Trainee: 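One structure is given below, represented as structure tokens, and several questions about it will come after.
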Amino acid sequence: MEENKILEKLLATDTSKVADRKDAQSLTSELKEELNKHNYYYYIKDAPIISDADYDRLMKNLQILEGKFPDLITDDSPTQRIGATLEGGFKTVEHGEKMLSLQDAFNYDELKDFLERVYKDLGLPEDEVEFVCELKIDGSAVALVYEDGRFASGATRGDGIIGEDITQNLRTIKTIPLKLLKPQIPPRLEVRGEVYLAKDEFEKINMQREEEGLATFANPRNAAAGSLRQIDHKMTAQRKLNIFLYGAATNPNLSIENQFKLLSFLKDIGLRVNPNIRKATGFEQIKEYIENWRDRRRDLQYETDGIVIKVNKFALQQRLGQTSKNPRWAAAFKYPPEQQTTKVLDITVNVGRTGTLTPVAVLQPVRISGSTVSHATLHNEDELNRKDVRIGDWVLVHKAGEIIPEIIMSIKERRNGTEREFKMPARCPVCGSDVERPEGEVAIRCTSLACPAQQFERIVHFASKPAMDIDGLGPAVVEKLLNKKIIKDSADIYYLKYEDIATVENFKEKSTNNLLDAIDASKSKPLARLLFAMGIRFVGSHIADVLSSNYENLDDLIQASFEDLSKIYEIGPRIAESITTFFKQDQNLKIIEKLKAAKVNFGSEIKNISKKAAFTGKIFVLTGKLSSFTRDEAKEIIEKFGGRVVSSVSKNTDMVLVGEDPGSKLDDAKKYEIKTISEEDLKKMIESND
DNA sequence: GCACCTCGAGTTCA
DNA sequence: CTCGAGGTGC
């Protein structure tokens with residue numbers, strides 16, 4: 001009650017009208033109290049007590065008062081998070097106690113070695129040494145000094161002995177209390193922690209920097225470290241940095257006997273401590289903790305690169321002591337990094353089915369999250385220039401969506417002058433024809449339709465699973481058939497004889513007959529597949545579906561005019577143009593003739609949609625690995641019941657089918673509050689409708 | 001003319 | 001998965 005009244009009064013007061021110094025003094029102290037309390041609840045407890053708007057109003061009131069009576073400004077005032085600009089560089093400071101780094105363990109054998117040494121040095125059995133496991137936050141290590149409960153100074157780790165004084169910048173971090181909660185703390189308290197940037201803040205900053213044409217940060221750690229070292233701490237204030245505290249310099253005045261209790265003490269005095277800690281005894285329990293967080297850590301708001309294992313009791317820690325670099329009582333277990341640095345050995349150019357020239361970086365092979373990466377696409381000329389990747393460069397590589405290798409950036413500091421810039425070729429690297437870059441497009445294209453690379457890719461696409469689905473006719477076989485000049489285009493596939501295929505290496509009786517059967521079976525695939533297989537520009541599987549449901553057969557479609565096509569929903573001028581052009585080209589018409597002569601199905605079938613269609617008009621998105629059916633089967637089922645499957649989640653999506661290891665689409669679904677269903681749910685929904 | 005939603009095309013590795 | 005580009009609707 002009392003509380004609320006004070007808050008109401010503070011919100012209602014127009015401090016610009018306060019003239020009396022005494023009034024101002026009591027108001028400022030109340031405002032400070034309220035604001036600092038809010039910060040504590042907002043950031044530490046995650047339970048805000050006042051709204052953002054009210055917070056802003058209180059801040060403004062306080063600023064006005066402090067403007068009028070500058071002598072009322074104290075260093076624990078929330079307005080002092082942004083103070084005067086720092087002149088010149090950072091001062092260096094010596095740490096009260098050396099900030100050691102931890103000994104790393106990269107696998108369980110190394111972890112066991114560490115544990116065994118601890119047991120041996122202490123002369124204690126495994127079950128008498130308790131450890132504390134903590135997440136290792138991937139940020140920038142700092143030391144904070146509190147004097148009489150007030151934030152006095154803070155510094156970077158530096159080399160462990162001497163760091164840089166970044167007090168001003170640290171003051172901008174709202175989770176660092178300017179004043180500690182409890183009065184009975186020792187007169188001088190030095191605590192250690194990790195300043196980090198939340199993943200979503202990192203994304204935001206990078207997006208902004210990209211818009212402004214600035215170089216983007218490679219990862220949240222770099223961004224955090226960079227932000228902390230901003231000379232202008234107003235820049236630091238804009239980045240919403242955060243902190244977790246995990247330790248203190250040994251202090252005789254603290255009568256705390258172990259790490260676990262220290263962490264809860266830190267929490268009690270208002271410092272932010274990571275909640276994901278546990279005590280563990282013996283290898284198995286530690287391993288449990290490590291495994292528990294191996295995947296879950298990805299869902300956290302911050303990046304972690306491993307876990308820290310510390311002997312719990314300080315008395316035991318002291319007995320173990322330290323080497324010149326590391327304490328002997330702690331180790332860091334590092335998860336295999338999901339980012340690696342490697343060297344660009346070469347940059348090559350791929351020619352795609354449509355003639356697009358795509359630069360690809362050939363990398364010195366590195367292992368990243370479970371697989372060896374040796375190539376990464378550079379997408380196009382613009383991307384290549386933006387990332388400024390040169391042959392010989394060291395680059396930072398990760399896997400987008402756990403699968404696709406991607407170069408994040410080149411490490412310019414590691415250049416030695418021998419790197420070579422790469423220019424996109426002016427001629428097709430495969431056939432030597434001219435290339436063009438159409439106005440307004442990013443792609444560079446080979447202009448020759450007869451380009452062997454394109455011919456090859458077109459045939460591979462034709463036979464691929466989503467197209468004509470000819471099992472046994474993959475890239476390797478297509479290449480051999482082309483080389484032997486047994487086929488020249490996709491229609492030739494239907495004229496292959498037993499003897500033709502048998503000449504290809506590794507094709508014996510059984511495999512040859514299988515392929516012939518697969519080719520035969522493909523002749524009766526629906527028209528939509530054939531349209532997609534033909535590779536008309538802008539005609540993917542969806543537009544192929546649209547076309548096949550608007551025309552009874554391929555011949556009718558060939559006859560269709562630009563105007564006819566443009567009238568169809570979802571077919572605009574560009575697509576209509578592309579289709580009519582395609583059917584005017586001799587080369588294509590010849591292929592179509594050959595397909596017809598081979599009796600490939602040209603007719604479209606009306607899809608029989610269940611009468612009691614359960615999902616009429618409903619839009620589905622699939623994510624994750626499905627177990628009881630494939631994605632294609634799920635799609636077919638949904639379409640049979642009148643639903644549609646699209647590739648990305650938007651607010652129009654009705655349901656998201658979630659399989660195992662769902663991707664970012666599940667996050668999107670949550671964001672838009674879209675109903676998610678499991679495979680079981682889908683089955684039930686169908687059954688109840690049959 | 002712009003915002004928003006989809007689609008198309010290219011890519012990697014086990 | 002990501003990017004760029006096409007189509008639709010305001």
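Note on naming: letters A, B, ... go to the chains in the order of the sequence lines (proteins, then strands), and numbering restarts at 1 for each one. On a predicted model such as this, the values are computed, not experimentally measured, just so you know.
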Trainee: Is the ring centre of A:Phe333 less than 6.0 Å from the ring centre of A:Phe106?
Mentor: no

Trainee: Side chains of A:Ser511 and A:Asn514 only: does a donor on one sit below 3.5 Å from an acceptor on the other?
Mentor: no

Trainee: Which two nucleotides bound the region of DNA chain B that has atoms under 4.0 Å from heavy atoms of chain A, read 5' to 3'?
Mentor: B:dC4 to B:dA14

Trainee: Ring centroids only, cut at 6.0 angstrom: are A:Phe532 and A:His542 within range, meaning strictly under it?
Mentor: no

Trainee: Looking across every strand, which nucleic acid part, if any, lies under 4.0 Å from A:His379 by heavy atom: base, sugar-phosphate, or nothing?
Mentor: nothing

Trainee: Among A:Thr372, A:Leu345, A:Thr342, A:Asp346, whose side-chain contact (heavy atoms from CB on, under 4.5 Å) with A:Leu363 holds?
Mentor: A:Thr342

Trainee: Is the NZ or CZ atom of A:Arg297 positioned over A:Trp293's six-membered ring, under 6.0 angstrom from the centre and within 45° of the axis?
Mentor: no

Trainee: Rounded off to whole Å, could you give me the CD-to-C1' distance for the A:Glu203 and C:dC1 pair?
Mentor: 14 Å

Trainee: Return whichever of A:Ala361 or A:Ala544 has its heavy-atom-nearest nucleotide of DNA chain B closer to the 5' end.
Mentor: A:Ala544

Trainee: Take atom NE2 of A:His398 and atom C1' of C:dT2, then tell me their distance rounded to the nearest Å.
Mentor: 10 Å

Trainee: Quick one: A:Phe538 CZ to C:dC3 C1', roughly how many Å, whole number?
Mentor: 14 Å

Trainee: Between atom NE2 in A:His542 and atom C1' in C:dG7, what is the gap in whole Å?
Mentor: 10 Å

Trainee: Would you call A:Asn350 and A:Leu357 a side-chain contact if the rule is heavy atoms closer than 4.5 Å?
Mentor: no

Trainee: Could you give the NZ-to-C1' distance, from A:Lys567 to C:dG7, as a whole number of Å?
Mentor: 18 Å

Trainee: Could you tell me whether the side chains of A:Tyr335 and A:Thr304 share a donor-acceptor contact shorter than 3.5 Å?
Mentor: no

Trainee: Once you round it to whole Å, what is the distance between C1' of C:dA5 and CD1 of A:Ile575?
Mentor: 10 Å

Trainee: How close or far is atom P of C:dG7 from atom CZ of A:Arg574, stated in whole angstroms?
Mentor: 8 Å

Trainee: Nearest-Å distance, CD (A:Glu441) to C1' (C:dA5)?
Mentor: 8 Å

Trainee: Whether A:Tyr569 contacts C:dG6 is assessed here as follows: a side-chain N or O lying under 4.0 Å from the phosphate OP1 or OP2. Is that the case?
Mentor: no

